[in-house]
Amino acid sequence: MSYYERHIFFCLNQRDNGADCCAAHHAQQGFEHCKARVKAEGLAGPGQVRVNKAGCLDRCAAGPVAVVYPEAVWYTYVDQQDIDEIVESHLKNGQVVDRLLVPPGVGR
C-alpha cells in the first residue's frame, strides 16, 4: 500500500529564456488553490492525498499541467473551477475529469 492514496504534482517551472512555461499560466495559484481545497475537504495526509510542487514535467505545450499518481493522469486547467473539479471528481471520488485531460502526444 502506498503512503498516499493519490499524489498530485503541479509543474511550477519558470523559464528565463522567454519560452512558454507553466509558471506563465498561473500555475502557482492553481497549486495553492488545490492545496487549500484538499485541506478544506479533509483529504490531506497519509492514506489520502498529497499536493506537491514540481519542476518541469516536460508537457509545456499543454500548460499549466498537473499529474495525479498512481493513475498517471495528466491534467491541464484554466481556473479555480477546473481545480475544484479535479479535487472533487478525481482526488476525492476517483473519477477522471475527461474534459481536462492532456492529449497523449502533447509534450514540450
Side-chain angles (χ1 to χ4, degrees):
M1 181 174 205
S2 179
Y3 189 71
Y4 295 107
E5 181 180 2
R6 289 193 176 82
H7 210 138
I8 184 167
F9 294 90
F10 281 79
C11 177
L12 302 182
N13 192 55
Q14 174 70 56
R15 295 195 185 281
D16 295 329
N17 64 0
D20 203 16
C21 61
C22 290
H25 296 282
H26 311 291
Q28 180 70 39
Q29 291 89 337
F31 163 76
E32 290 170 2
H33 184 71
C34 185
K35 195 165 181 85
R37 278 298 311 276
V38 164
K39 188 174 184 177
E41 292 286 330
L43 300 173
Q48 297 185 86
V49 175
R50 174 76 180 177
V51 182
N52 268 100
K53 300 175 184 180
C56 185
L57 294 173
D58 211 26
R59 310 261 345 240
C60 311
V65 298
V67 60
V68 177
Y69 286 107
E71 298 96 333
V73 174
W74 289 83
Y75 289 114
T76 187
Y77 53 93
V78 174
D79 53 28
Q80 290 184 347
Q81 289 77 24
D82 288 346
I83 299 295
D84 292 343
E85 190 172 354
I86 293 167
V87 170
E88 183 66 26
S89 295
H90 194 154
L91 301 181
K92 186 175 184 179
N93 296 313
Q95 307 251 329
V96 172
V97 182
D98 291 330
R99 73 177 190 84
L100 297 175
L101 292 175
V102 173
V106 175
R108 193 180 276 213

Q: Check step by step if side-chain contact (heavy atoms from CB on, under 4.5 Å) holds for Glu41 and Glu88.
A: CA-CA 9 Å; Glu41 292 286 330; Glu88 183 66 26; 4.2 Å; yes

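Separation of atoms CD1 (Ile8) and CD (Glu71) is listed at 10.5 Å; rounding is to 0.5 Å. The CH2 atom of Trp74 lies 12.5 Å from the CG atom of Leu101; values are rounded to the nearest 0.5 Å. The distance from atom CG of Asn52 to atom SG of Cys34, rounded to the nearest 0.5 Å, is 10.5 Å. The CZ atom of Arg50 sits 12.5 Å away from the OG atom of Ser2 when rounded to the nearest 0.5 Å. Rounding to the nearest 0.5 Å places CG of Leu91 at 7.0 Å from CG of Leu43. Here the CD atom belonging to Gln29 is positioned 10.5 Å from the CD1 atom belonging to Ile83, to the nearest 0.5 angstrom.
When side chains are defined from C-beta on, Val87 does not count as touching Asp84, because their heavy atoms never get closer than 4.5 Å. Within the 4.5 Å cutoff, no side-chain heavy atoms of Val49 are placed close to those of Lys92. You'll find the side chain of Arg15 stays beyond 4.5 Å of the side chain of Asp20, heavy atoms only.
Residues Tyr4 make up the rest of the hydrophobic cluster containing Tyr3, defined by ILVMFWY side-chain heavy atoms closer than 4.5 Å, directly or through other members.
Donor-acceptor pairing under 3.5 Å is recorded for the side chains of Glu32 and Gln28.
Heavy-atom neighbours of His26 NE2 from other residues, nucleotides or ligands within 6.0 Å: at or below the threshold of 12. More than 12 heavy atoms of other residues, nucleotides or ligands shown are found within 6.0 angstrom of CG on Asn17.
Arg6 and Pro70 make their closest contact through CA-CD, 4.2 Å (heavy atoms, listed as atom of the first residue, atom of the second, distance). The shortest heavy-atom contact between Val106 and Val102 is CB-CG1, 4.0 Å.
Remark: Ala54 engages Phe9, Leu57 in a side-chain contact (heavy atoms from CB on, under 4.5 Å) (not counting sequence neighbours).
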